[in-house]
Number of protein chains: 2
Amino acid sequence: MSHQYTRETAAEGVENALKLLEGRWKLVILFHLFGGHVLRFSDLERAIPGISQKMLIQQLRQMEKDGIVRRIVHHQVPPKVEYCLTDWGQALCPALDALLTWAAQREGLDGGNQNVPSQDATI
Amino acid sequence: MSHQYTRETAAEGVENALKLLEGRWKLVILFHLFGGHVLRFSDLERAIPGISQKMLIQQLRQMEKDGIVRRIVHHQVPPKVEYCLTDWGQALCPALDALLTWAAQREGLDGGNQNVPSQDATI
DNA sequence: CTGCATCCGCATGGATACTG
DNA sequence: CAGTATCCATGCGGATGCAG
């Protein structure tokens, strides 16, 4: 399982991965679905204040197409559609946790140069 | 170092982290800087075909402001400016690797339902 | 209830030309 | 060499209205 990537393919790989997560609301949706939660369209709508239906369905559809989210249609009136994560979608957890860890490291390391944005090499 | 996040703060944290990585060229630049490489403006320009000066300087400036990239100015004629990663920027490596790992898992798990995008719960 | 269509404003990104 | 300034195209996201 050793990763042997060239600088370019690695950049492409991460860019592709990031592209799947891009979108104003995908992360929020994802976190509402983590842990095996199964939510209806209206549940998500209510759980995410400020999101429009268009955005909600758009982001859900994209993630469904990308294999991150599973869509379950119950043919009944009134309609009922539920959303949950695929196995692959659940597998995102560790990666996002790593990102979280990195973000948390901001205060702590970085060489103590938060207030020295530009170094000046003038002699 | 246990992460104890609520659903909301975690989403915010990751979103903030992702926001720092957003931008058409940031990842590409990052990967060219990983490994302690110190590159001049023109080096990056040459190394990344298709990028415009505007985009290059814009993305670099944002990452500098965010503490990911360090900018070193040599006051001389002709001008010479070098860019490298901060310690925190270098620390991004594991997180991006996790993302890479996740992306690689696409083929392999996900319950074998790549061809069944929408499940149908009709009785 | 769930989801699609349309229109609109704004931010992002790209091309080009110019400056210290 | 290392930017800055300007103009322009595109796309994203928001609001509203309609349909199955």
Could you give the distance from [atom1] ([X]) to [atom2] ([Y]), rounded to the nearest 0.5 Å?
{"X": "B:Arg46", "Y": "B:Arg40", "atom1": "CZ", "atom2": "CZ", "result": "8.5 Å"}
{"X": "A:Cys84", "Y": "A:Arg71", "atom1": "SG", "atom2": "CZ", "result": "12.0 Å"}
{"X": "B:Gln59", "Y": "B:Ile48", "atom1": "CD", "atom2": "CD1", "result": "9.5 Å"}

Could you pull out all donor-acceptor pairs under 3.5 Å where a side-chain atom in residues 24-39 of chain B meets a protein atom, sequence neighbours excluded?
residue: B:Lys26; atom: NZ; partner: B:Leu20; partner atom: O; Å: 3.3
residue: B:Lys26; atom: NZ; partner: B:Glu22; partner atom: O; Å: 3.2
residue: B:Lys26; atom: NZ; partner: B:Gln62; partner atom: OE1; Å: 2.9
residue: B:His37; atom: ND1; partner: B:Phe34; partner atom: O; Å: 2.8

Would you work out how much the helix from C:dC1-D:dG20 to C:dG20-D:dC1 bends between its ends, with each end axis defined by five base pairs, to 10 degrees?
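Computed from the C1' atoms at both ends, the axes differ by 40°.
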
Between [X] and [Y], which heavy-atom pair has the shortest distance, and what is it?
{"X": "A:Ala47", "Y": "A:Pro49", "answer": "O-CD, 3.2 Å"}
{"X": "B:Ala95", "Y": "A:Leu99", "answer": "CB-CD1, 3.6 Å"}
{"X": "B:Pro94", "Y": "B:Ala91", "answer": "CD-O, 3.1 Å"}

What residues, two or more places apart in sequence or in another chain, satisfy side-chain contact (heavy atoms from CB on, under 4.5 Å) together with A:Ala103?
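A:Ala103: side-chain contact (heavy atoms from CB on, under 4.5 Å) contacts with B:Ala17.
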
May I ask you to say what B:Gln58 touches in the nucleic acid, namely base, sugar-phosphate or nothing, with a heavy-atom cut-off under 4.0 Å?
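Answer is sugar-phosphate: B:Gln58 comes under 4.0 Å of backbone atoms only.
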
For A:Gln59, report the nucleic acid contact type (base, sugar-phosphate, nothing); a contact means any heavy atom under 4.0 Å.
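Sugar-phosphate, no base atom in range.
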
Sidechain-backbone polar pair: B:Thr86 side chain, B:Val69 backbone, donor-acceptor under 3.5 Å
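Such a contact is absent between B:Thr86 side chain and B:Val69 backbone.
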
Flag, side chain of B:Trp88 to backbone of A:Trp102, donor-acceptor distance under 3.5 Å:
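Such a contact is found between B:Trp88 side chain and A:Trp102 backbone.
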
For the pair made of [atom1] in [X] and [atom2] in [N], what is the distance, rounded to whole Å?
{"X": "B:Trp25", "N": "C:dG13", "atom1": "CH2", "atom2": "C1'", "answer": "10 Å"}
{"X": "A:Met55", "N": "C:dC8", "atom1": "CE", "atom2": "P", "answer": "17 Å"}
{"X": "A:His74", "N": "C:dT2", "atom1": "NE2", "atom2": "P", "answer": "10 Å"}
{"X": "B:Ile48", "N": "C:dG14", "atom1": "CD1", "atom2": "C1'", "answer": "15 Å"}
{"X": "B:Lys19", "N": "C:dT12", "atom1": "NZ", "atom2": "P", "answer": "10 Å"}

Which parts of residues 27-42 of chain A get close to DNA chain C, meaning a heavy atom less than 4.0 angstrom away?
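The stretch gives A:Arg40, A:Phe41, A:Ser42 as the residues lying under 4.0 Å from the strand, ordered by number.
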
Could you tell me whether the phosphate oxygens of C:dT2, OP1 or OP2, come under 4.0 Å of any side-chain nitrogen or oxygen in A:Tyr83?
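False: A:Tyr83 side-chain N/O out of range (4.0 Å or more) of C:dT2 OP1/OP2.
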
Sort me out a list of protein N/O and nucleotides 15-20 of chain C N/O pairs below 3.5 Å, or just none if empty.
none

Is any side-chain heavy atom of [Y] closer than 4.5 Å to one of [X]?
{"X": "B:Phe41", "Y": "B:Leu60", "answer": "yes"}
{"X": "A:Asp66", "Y": "B:Arg106", "answer": "yes"}
{"X": "A:Leu56", "Y": "A:Gln53", "answer": "no"}

Between which nucleotides of DNA chain D, 5' to 3', does chain A make heavy-atom contacts below 4.0 Å?
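Going 5' to 3' along DNA chain D, contacts run D:dG13 to D:dG20.
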
